[in-house]
Each structure stands twice: as C-alpha cells, then as structure tokens.
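Following: one structure in structure tokens, then a few remarks.
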Amino acid sequence: MLNNKIKINNKEYDFNEGETVLSVATRNGIQIPTLCDHPDFSVKENCRVCVVEIKGEHGLSTSCSAKAKPGMEIQTNSDRVEKSRGLNLEMIFAEHIEKCATCIWRFECKLLKYAKDYNLLINTFSDRKGKRPVYRFKNAVELDSSQCIDCRNCVDACSVLQGIDYLEIKGKGRNQEVVPTADVRKHCILCGQCALHCPVSAAQEQPNWQDVEREMKNDKKIVVVQFAPSIRVSIGEDFGFDHGEIVTEKLVSSLRELGFDYVFDVSFAADITTLVEAGELLERIEKKGVMPMMTSCCPGWVNYVEYYNPELIPNLTTSRSPQIHGGGVIKTYWAKKMNVDPKNIVVVSIMPCTAKKYEASREEMAINNILPVDYVLTTRELSFMIKKNNINFANLKESKADNPLGDYTGAGVIFGGSGGVMESALRTAQYVLEGPKAKLTKKRLEFNGVRGLEDVKETVVTIAGKDLRIGVVNGIKHIKELIPRLNEFDYIEVMTCPGGCIGGGGQPIPTSKEIVKKRIAGLYRDDTNSKIRVSAQNESAKEIVEWLEDNKLTHKTLHTKYFKNLD
C-alpha cells in the first residue's frame with residue numbers, strides 16, 4: 001500500500017515503506033543509470049553511477065541504497081550530479097578495456113550508452129587493467145579480468161545465488177581482482193550465472209558465432225540449427241517484446257534469414273527425451289533399480305555430480321539431453337532420410353545455457369565418432385547475430401520449423417521451466433501405465449505440485465495406483481538440502497539455474513526472478529494451447545525411437561554415461 005510521498009526533480013511521487021530512491025524513480029519512469037545494481041543481490045554501492053543529490057545532505061548519495069523518507073527532495077540530474085556521475089563513469093572506463101568489435105554485448109552495452117549520454121571522453125584515465133588475464137573454464141565460460149569493473153556481481157552469482165564459491169576477490173583497494181579460487185576442492189560447473197549478472201560482459205560465454213558464420217559460408221556443408229524450448233519466450237525481450245511473449249514463428253524466420261539451411265525445434269527432441277526418461281523410470285521401479293532416479297538433462301547439474309557427489313552418478317538417468325537427442329537424430333535418422341553423409345551436416349544448437357557448450361563437446365556423446373552437436377550458441381549470441389545482420393525481428397513474417405522434426409507437444413515445451421522435465425515424464429508415465437485409452441483430463445495432465453519457483457518442491461503423485469515421491473530442486477545451491485534425504489524420494493529433478501533453463505546463464509540480460517516468472521508463464525500458455533500435451537502421443541517421435549531401435553542405434557543415440565571428474 002502506497003503510504004507517503006517524496007519529490008524527485010520537483011515532482012511528488014508515492015513510495016512504499018522500505019523502498020529506495022532508485023526503486024521509486026524507476027517505477028515512475030525516471031531513468032537513473034546503474035551498473036552494479038541487480039534485484040537478485042543485496043545493494044553493494046560499488047559503481048556509484050546512480051548518485052543523486054538529496055536536499056539537506058552534504059554529499060551525494062547512491063540512489064540504490066538511499067531509502068525514501070517522507071518529505072525527501074531529490075535531484076537526479078543536477079549539474080553536481082551530472083559532473084560526479086560522468087567522472088565515475090570515466091574512471092570505470094579506465095577499468096574496462098574496450099573490446100567492442102567482437103563483443104556480443106555491443107548493441108546493448110550500458111557503458112557505451114552512458115558514454116554517449118554523458119558525452120564522455122572514455123580515455124581520460126589510462127587503462128589500468130590491460131595486462132590482466134582471461135580465465136577460461138573449459139569451452140563454456142570465461143572471465144576477462146581486463147574488462148572487470150569490480151562490481152562483484154559475478155562473485156555474488158557464484159556464491160550467494162549458486163553456492164559454488166568458485167570466484168573470489170584477491171587483493172585490496174585498486175589492486176583487487178576477481179579470480180578463480182585456488183582451493184582445488186572447488187570447481188566451476190559452467191552454469192554461466194556470473195555472465196548473466198555481469199553488467200559489462202567481463203564474465204561471458206566463450207562465443208561460437210564466428211565459427212557458425214564460417215560454416216554457413218561453406219557450400220559443402222548443410223548447416224542445421226535447433227533451438228531450445230525456452231528461447232521462444234525469452235529472445236523477444238531483446239527486440240522489444242514483453243517478458244514471456246511467445247515468438248516461436250518469428251524466431252524460426254530469423255534463423256532462416258541468417259542463412260541456416262534447416263530449422264528444427266528442440267521441443268520435438270524433448271518429446272523423445274521424455275519417452276526415454278519415462279521408460280527408464282518405469283523400468284527402474286519395476287526392476288528395483290537404483291533409486292531415486294535423478295534427471296540429467298541439465299549439464300551444470302551433471303558437472304556438479306561428477307565433481308562434488310560422484311556417488312550419485314548411478315542415480316542419474318542414462319537418457320541424453322534434448323539437444324544431444326536432437327543432434328543425434330539429425331545425424332542418423334534425418335541424414336538417412338535426406339541421403340546425406342552425416343559428416344557433411346553441421347548442427348548448431350541455440351541454447352539458454354553456457355554449460356551446453358561443454359556438454360556438446362563431450363567425447364562420450366559421439367555416435368560412430370561424430371559428435372551430434374557441432375556448435376552451441378547462447379540466446380545472447382543469437383540476438384547479437386540477428387542485430388549484426390540488421391534483421392528486423394519484430395517485423396518478420398512468421399514461419400514454422402521444418403519437419404519431420406518440427407511437430408512437438410506441450411510436454412516438450414515445458415522442459416524449459418523448473419519442474420517441466422518432471423511433469424513431462426509424469427504425463428507419459430501416466431499414459432503408459434494407464435493405457436492410451438485412459439482419459440487424461442486437464443486435472444490429470446497438470447502436476448501443479450512440481451510447478452513454481454520454490455527452492456525445493458516436494459509432492460506425492462499417484463499414477464495407476466502407484467505413489468511416486470517427487471522432489472524438484474530449483475537452483476543448484478539447494479541440492480544440499482535434499483542429499484541427506486534421498487531415501488525419501490523416487491524421482492528428483494535438479495536444475496542448476498534458478499527457474500530452470502528459462503533463467504539459464506545464456507539468456508538475455510537482465511534476467512531476474514520476476515522476469516523468470518513471466519517467461520515460465522509463457523511456456524505454460526504454449527503448453528495449454530497445444531493440441532497434444534503428452535510426449536507419448538507424438539507419433540513422429542515414437543516412429544523415430546522405433547527406427548533407431550530397428551537400426552541398432554538406440555543406445556548410441558539415446559543413452560549416455562557419466563564419470564567422476566578429477567581434473
């Protein structure tokens with residue numbers, strides 16, 4: 001309930017108890033520049049570009065920390081504020097070595113925008129971090145120390161949000177630096193949350209867009225692209241659409257405009273993953289296999305198990321993830337159907353995730369010595385390519401993904417949100433156990449106990465008279481709460497990033513809890529509007545699974561194994 005008033009730039013505004021000046025200003029459309037502020041974290045006041053002048057106070061105040069008080073009078077753009085803010089920005093530029101030519105962030109970079117807005121001379125101060133190193137974590141994420149502005153958002157993302165504690169501060173004052181920990185017991189799981197929360201792209205994905213552009217210029221190659229379920233409700237944000245707005249057909253058209261030869265929807269491959277995963281769950285229950293069965297489609301979670309809890313490897317389902325299933329089907333079933341040598345097919349995945357880059361490169365994923373997926377681009381990389389090529393995303397005519405790998409169910413779409421993999425598998429398990437003639441009403445299709453953004457969700461679902469004890473972990477930090485209680489569950493879904501893939505480390509910036517809620521709502525709208533909502537009713541997916549079995553490719557294409565990681 002609004003209960004009081006302050007003046008900003010001589011105009012009165014209501015405020016809520018405890019609200020900051022920045023929050024009041026932003027809510028009322030008053031722009032105050034910020035860099036280190038993020039709703040996922042507590043206020044740090046590190047960048048000091050959000051300073052404002054408060055009547056009666058001697059110095060300038062950071063609006064991100066100043067609490068609104070009755071009668072307070074604030075100026076956000078006085079000469080004193082503008083001069084101080086400009087100086088702070090010039091000093092920040094001295095900490096951030098500009099590598100704009102190849103930076104995928106250049107079309108949305110706040111620093112470049114502020115430099116223009118404040119008419120800054122960005123070389124007023126000499127670059128003081130130019131010789132600092134770039135830390136690369138496998139082939140997925142990197143931290144470029146020469147671009148870091150010391151806001152510490154990456155450290156908060158790694159420790160406060162994810163509980164991994166891999167990044168830390170070394171040194172003091174002007175010599176402080178964000179570095180990987182020297183503690184050999186800690187490992188980066190490649191989740192990319194550091195990149196998702198970095199305001200200046202110092203932490204970022206290791207880009208592959210140049211590799212993909214090179215492949216598309218090779219006339220001897222057929223370049224196929226597949227996009228993850230969650231992209232349809234997130235990429236539109238970079239082109240002026242509302243958070244969670246479904247833009248699937250425009251996304252397909254933009255990929256064709258970029259020059260990809262074929263466009264497939266990973267939601268279809270997610271239906272195949274569901275068939276494999278639900279089948280394995282029912283088999284483990286019947287044959288008293290290792291329980292609880294745990295999902296493995298999240299590569300950050302798999303990395304976590306291999307590093308921190310390898311004793312859980314037998315609990316992971318052997319089912320490969322949707323992107324690997326999709327790539328495998330393209331280079332086996334589809335290659336045969338098109339009479340094309342798989343060696344001449346390049347598969348590119350558009351993923352909301354940085355860890356997917358590493359997953360795609362794992363040798364054990366190879367089918368007859370050929371990796372199913374050649375390159376992984378994040379949502380941000382795709383946005384960059386669309387903008388770089390001057391494609392007007394909003395005005396594109398809509399088109400549908402190619403077949404026979406294009407028709408998907410609502411169960412495939414919800415893979416993108418926390419609880420979605422679990423719900424998808426439960427729908428198919430119910431369909432299989434109760435028989436195709438069983439009437440699956442909406443109430444029996446929607447497993448609301450696994451939905452939502454709670455850290456840990458627990459429920460019991462009854463399918464064909466059997467009670468299944470279910471657990472869903474939303475954010476890798478919370479797996480530690482369930483590990484001591486594993487014997488209380490039959491089936492557990494773990495997603496590394498808060499909200500699941502929809503909040504993944506490769507998604508558009510900003511991503512926050514409120515934005516994640518809207519994206520997930522978009523996925524469930526797509527599911528509800530789908531004619532078919534059970535993967536076991538996707539006849540094309542079932543046909544491909546049977547084809548793989550007939551051609552003795554089932555194990556190579558649909559299953560995998562994992563290893564204790566000692567490096």
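The structure presented is a predicted model; accordingly, all values stated were derived computationally and were not measured.
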Could you grab the distance from atom [atom1] of [X] to atom [atom2] of [Y], nearest 0.5 Å is fine?
| X | Y | atom1 | atom2 | result |
| --- | --- | --- | --- | --- |
| Asp271 | Ile544 | CG | CD1 | 10.5 Å |
| Phe227 | Ser349 | CZ | OG | 11.5 Å |
| Thr318 | Glu283 | OG1 | CD | 8.5 Å |
| Glu95 | Ile97 | CD | CD1 | 9.5 Å |
| Asn153 | Cys194 | CG | SG | 11.0 Å |
| Met293 | Tyr491 | CE | OH | 4.5 Å |

Given 3.5 Å as the limit, does a donor-acceptor pair link the side chain of [X] with the main chain of [Y], or not?
| X | Y | answer |
| --- | --- | --- |
| Glu245 | Asp242 | yes |
| Gln204 | Val141 | no |
| Arg451 | Glu446 | no |
| Thr428 | Ala425 | no |
| Ser296 | Thr317 | yes |
| Asn208 | Leu377 | no |
| Lys556 | Asn368 | no |
| Asp527 | Leu523 | no |
| Ser424 | Ala411 | yes |
| Lys564 | Pro310 | no |

May I ask you to check whether [X] and [Y] show a side-chain donor-acceptor distance below 3.5 Å?
| X | Y | answer |
| --- | --- | --- |
| Thr557 | Thr332 | no |
| Thr496 | Gln162 | no |
| Thr511 | Arg519 | yes |
| Asp156 | His197 | no |
| Thr554 | Glu549 | no |
| Ser253 | Ser399 | yes |

Is [X] salt-bridged to [Y], going by a charged N under 4.0 Å from an acidic O?
| X | Y | result |
| --- | --- | --- |
| Arg362 | Glu359 | no |
| Arg256 | Asp402 | yes |
| Glu213 | Lys217 | no |
| Arg136 | Glu142 | yes |
| Asp265 | Lys400 | no |

Practice problem: Could you go through the side-chain hydrogen bond (donor to acceptor under 3.5 Å, both in side chains) check for Thr378 and Glu205 one step at a time? | Solution: CA-CA 8 Å; Thr378 63; Glu205 60 274 79; 2.6 Å; yes
Considering non-hydrogen atoms only, spot the tightest contact between [X] and [Y] and give its length.
| X | Y | result |
| --- | --- | --- |
| Thr379 | Ile231 | OG1-CD1, 3.0 Å |
| Glu493 | Thr295 | CA-OG1, 3.4 Å |
| Ser418 | Val472 | OG-CG1, 3.7 Å |
| Lys357 | Val376 | NZ-O, 2.7 Å |
| Gln507 | Gly503 | CG-C, 4.4 Å |
| Asp407 | Asn538 | O-ND2, 3.0 Å |

Self-check item: Ring center gap for Tyr166 and Phe137 short of 6.0 angstrom
Solution: yes
Decide yes or no for [X] and [Y]: does some side-chain heavy atom of the first lie under 4.5 Å from some side-chain heavy atom of the second?
| X | Y | answer |
| --- | --- | --- |
| Lys477 | Leu161 | no |
| Lys337 | Pro404 | yes |
| Asn565 | Asn303 | no |
| Val266 | Pro229 | yes |
| Glu215 | Phe260 | no |

Exercise. Dump the intermediate steps for salt bridge (Lys or Arg N to Asp or Glu O under 4.0 Å) on Glu280 and Arg284, then the final yes or no.
Key: CA-CA 6 Å; Glu280 185 174 348; Arg284 288 198 190 199; 2.8 Å; yes
Practice problem: Would you check, one step at a time, whether the test ring pair (Phe, Tyr, Trp, His ring centres under 6.0 Å) holds for Trp105 with Phe384? | Solution: CA-CA 7 Å; Trp105 195 231; Phe384 169 75; over 10 Å; no
Self-check item: Cation-pi, Tyr408 ring and Arg232 (6.0 angstrom, 45 degrees)
Solution: yes
Practice problem: Take Phe264 and Trp334, measure what ring pair (Phe, Tyr, Trp, His ring centres under 6.0 Å) needs, and give me the verdict at the end. | Solution: CA-CA 11 Å; Phe264 293 131; Trp334 186 78; 5.6 Å; yes
Quiz item: Which word best sums up how the rings of His559 and His555 line up, parallel for under 30°, tilted for 30 to 60°, or perpendicular for over 60°?
Solution: parallel
Exercise. Look at the rings of Phe239 and Phe393 and say which category their plane angle falls in: under 30° parallel, 30 to 60° tilted, over 60° perpendicular.
Key: parallel
Self-check item: Test log, rule side-chain contact (heavy atoms from CB on, under 4.5 Å), inputs Asp144 and Tyr135
Solution: CA-CA 6 Å; Asp144 186 342; Tyr135 301 98; over 6 Å; no
Self-check item: Audit row: Lys397, Glu249, salt bridge (Lys or Arg N to Asp or Glu O under 4.0 Å) steps and yes/no
Solution: CA-CA 8 Å; Lys397 290 184 178 178; Glu249 283 75 23; over 6 Å; no
Quiz prompt | Worked verdict on Asp341 versus Lys336 for salt bridge (Lys or Arg N to Asp or Glu O under 4.0 Å) | solution = CA-CA 8 Å; Asp341 186 339; Lys336 184 73 174 179; over 6 Å; no
